[in-house]
Novice: 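Quick one: structure below, then a few questions.
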2 protein chains.
Amino acid sequence: MPTIYEVAERAGVSLSTVSRVLNGKSSVNKALKERVDQAVKELNYRPNSVARSLANSRTDSVGVLVPELNAPFFGDLMQAVESTLRAQDKHVIITVGRNCLETEKDAVDFLISRNCDALIMHAEALSDDYLLDLNQNKLPIALVNRKVEGLPNACITLDNEKGGYLATRHLLELGHKNIAYISGPAYKADACLRLKGHERALIEAGLSVNPQLIFNGNYSEEDGKIGLLELMARDLPFSALVCANDWMASGAISCARDLGMSLPQDLSIVGFDDVVFAHHVFPRLTTVSNPVADMAEMSAKYILNKVYGQDHNVQHCFEPSLVVRESTINFES
Amino acid sequence: MPTIYEVAERAGVSLSTVSRVLNGKSSVNKALKERVDQAVKELNYRPNSVARSLANSRTDSVGVLVPELNAPFFGDLMQAVESTLRAQDKHVIITVGRNCLETEKDAVDFLISRNCDALIMHAEALSDDYLLDLNQNKLPIALVNRKVEGLPNACITLDNEKGGYLATRHLLELGHKNIAYISGPAYKADACLRLKGHERALIEAGLSVNPQLIFNGNYSEEDGKIGLLELMARDLPFSALVCANDWMASGAISCARDLGMSLPQDLSIVGFDDVVFAHHVFPRLTTVSNPVADMAEMSAKYILNKVYGQDHNVQHCFEPSLVVRESTINFES
DNA sequence: AAACAATTAGAAAGCGCTTTCTCGCATTTA
DNA sequence: TAAATGCGAGAAAGCGCTTTCTAATTGTTT
């Protein structure tokens, strides 16, 4: 690998001049510039990114924290972040948090130890205070799918309440009156908001919120099954079910089928997120789309603005929308 | 951020000594070592990884190239690589190749420019020669799911032929005699081998290979549909279908259902890869499991051996196995 | 006790770049 | 024409570490 010094020698200039040509920040005599460009080409010179980082204390790398990589939702997120950032010659260092506080902290420590210029996180377990600290420690961060008081700019969120509302209103419009709900865990803000939207839709329709029709799951496929069984055991009739994510909807669907129900005739089901498998499920899942890729791209743009002096428009709140497929049908009494 | 110099000062030793304590390569007087450790703790010192990399020309980073991130198969791959490597304090830089020669080359260039110590690739478009060149250029590489003559050690592969064989033998054992096959693209080695396995099973069973029962797809869901329609249009009866991956199987399934067939009674279908959605499909897909996570982990271990002087056992060829679910059933004439 | 070997600590060079500082030269102004 | 100004190019310091080389200290051998 040739160094900048060899380029300078071949071009017959000093290495400062080569650096200036390479970075284009200060002006260089045209003839010299051409000699340098020529030398660069001849030697097939590529600047050493490590040395450059050491000299200007910037690594052009952005740390990313996601709960897992082998899940469609986070795959979409990663894909968007990676392509947005790499288009600007930054790279991502990906770490996995596994929904676990210790692992997430380790991951952040690791990213810091790698001198990332900024962090983009989908943090599940880290506390608001921890995140505030991080940010005050002069490390720019962006938070996808999370709202932290005190970090209004860093947060890129979805209007989860509206999503929950859309799901339930869709069922109401189809004539359903008894609508069960399998929620995500109560300690997660998005789960609460989705539920709140569900309740608002009921109330707007003049119906009452019956806690007996609500089950608290943990967003897993398994809990979709358990939830459906539990709700049915409570012996209150319902003709439709909203699940707070697609995994639970998928669990509920296969459970329902195992119980001999025919879908969607016996039960209309709505999911949330519109992950890739939503249309593999049978019947194809009606769900609320979560524009995670857009949000992820936006978080990357926010970082590009904040750390690398670029100037993108950034939008902090995104809207979900309903995707009607075949798992919901008119209520026929 | 404190530097190694400040640690040395506080401990009252030279910075060489601090470095030695930190790296533990050469021996240091116990008392001094303790003073250094103490100083490190007091200052909360973290070595600057960039400076370290510059000094010893090693970045502790491994470049990874995958066709895409938002697909279950590559999600599994990434997850395994990331966790294996990070457990050893290395990090991955992920790039996306999109199945496109130019993009893949760009990605590799990018990774090289980032001074990765090694590359782990699931390369679709790069030629064997290109890969050989890379490797001869002193950059260690590992290739997942690919066999390149001349790089026997770098390749971590699946016995695709056996996988194809298992899929078809399963159907034969169920009594099927007319088995259609939707293949992957002929220019991909894995697709050819899977098909070859299918043919071997047929021949072993005393049946002949009828090209009219084979359709060449491109591994996409869409081509599963197109393939099934095309095969049916050829007007040769078949009671079972092998698809060379799960995406095409999923496409074929929804197409079959749209045609009013009932599955698996009217048609048994086998997929390949056992990606996460295989059990979301209805009927749940019988498929050939592809231990991609194991292979990915192994590729990471190979790199750990090769570049970082570790000593893991490495296995170069992996065995697929049949996962029987509900999309296949006995042939009843 | 003297001569030697074996350890261990410190000084200093070097990794490849960026950037400040300085100086020389060309251009402008009085 | 002399002084003032501006600009571009080179010298050199510095980013924070590793590692070689040298020197000093300790322990070992005869």
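Numbers restart at 1 for each chain; the letters A, B, ... are given by sequence-line order, proteins then strands.
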Novice: Is it the case that the side chain of A:Thr84 and the backbone of A:Ala80 share a donor-acceptor pair, with hydrogens and angles ignored and the cut-off at 3.5 Å?
Specialist: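 Yes; at least one donor-acceptor contact below 3.5 Å.
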Novice: Tell me which residues in residues 31-39 of chain A put a heavy atom below 4.0 Å from DNA chain D, sorted by number, or none.
Specialist: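 Of all residues in residues 31-39 of chain A, the ones placing a heavy atom under 4.0 Å from DNA chain D are A:Leu32.
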Novice: Using a strict threshold of under 4.0 Å (side-chain N to carboxylate O), is an ion pair present between B:Glu297 and B:Lys301?
Specialist: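 B:Glu297 and B:Lys301: salt-bridged.
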Novice: What residues form a side-chain contact (heavy atoms from CB on, under 4.5 Å) with B:Asp117, not counting sequence neighbours?
Specialist: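 Only B:Arg58, B:Thr59, B:Asp60, B:Val307, B:Tyr308 meet the side-chain contact (heavy atoms from CB on, under 4.5 Å) criterion with B:Asp117.
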Novice: Could you verify whether a donor N or O on one side chain and an acceptor N or O on the other, from B:Asp190 and B:Tyr219, lie under 3.5 Å apart?
Specialist: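 Looking only at side-chain atoms, B:Tyr219 and B:Asp190 do form a donor-acceptor pair, the distance falling under 3.5 Å.
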Novice: For nucleotides 16-20 of chain C, which of its nitrogen or oxygen atoms have a protein nitrogen or oxygen under 3.5 Å away, and what is each distance?
Specialist:
residue	atom	partner	partner atom	Å
C:dG16	N2	A:Ala51	O	3.4
C:dC17	OP1	A:Tyr45	OH	2.5
C:dC17	OP1	A:Asn48	N	3.0
C:dC17	OP2	A:Ile4	N	2.3
C:dC17	O5'	A:Tyr45	OH	3.3
C:dT18	OP1	A:Asn23	OD1	3.4
C:dT18	OP1	A:Asn23	ND2	3.1
C:dT18	OP2	A:Ser19	OG	2.7

Novice: At a cut-off of 3.5 Å, list every protein nitrogen or oxygen paired with a nitrogen or oxygen from nucleotides 22-27 of chain D, distance to 0.1 Å.
Specialist:
none

Novice: Answer yes or no: is there a donor N or O on one side and an acceptor on the other, between the side chain of A:Asp273 and the main chain of A:Val275, under 3.5 Å?
Specialist: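 No, because the side chain of A:Asp273 does not come within donor-acceptor range (under 3.5 Å) of the backbone of A:Val275.
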Novice: A:Gln38: which residues meet the side-chain contact (heavy atoms from CB on, under 4.5 Å) condition with it, sequence neighbours left out?
Specialist: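 Residues passing side-chain contact (heavy atoms from CB on, under 4.5 Å) with A:Gln38: A:Glu42.
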Novice: Any sub-3.5 Å donor-acceptor pair from A:Asn305's side-chain atoms to A:Asp311's backbone N or O?
Specialist: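 Yes, the answer is positive, given that a donor and an acceptor are paired below the 3.5 Å cut-off.
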Novice: If the threshold is 4.0 Å, N to carboxylate O, is there a salt bridge linking A:Lys41 and A:Asp37?
Specialist: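 No salt bridge links A:Lys41 with A:Asp37.
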Novice: Would you give me the side-chain donor-acceptor pairs under 3.5 Å for residues 93-103 of chain B, sequence neighbours excluded?
Specialist:
residue	atom	partner	partner atom	Å
B:Thr95	OG1	B:Val64	O	3.0

Novice: Between A:Glu124 and A:Arg146, is there a salt bridge with N-O shorter than 4.0 Å?
Specialist: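 A salt bridge is absent here (no side-chain N lies under 4.0 Å from a carboxylate O).
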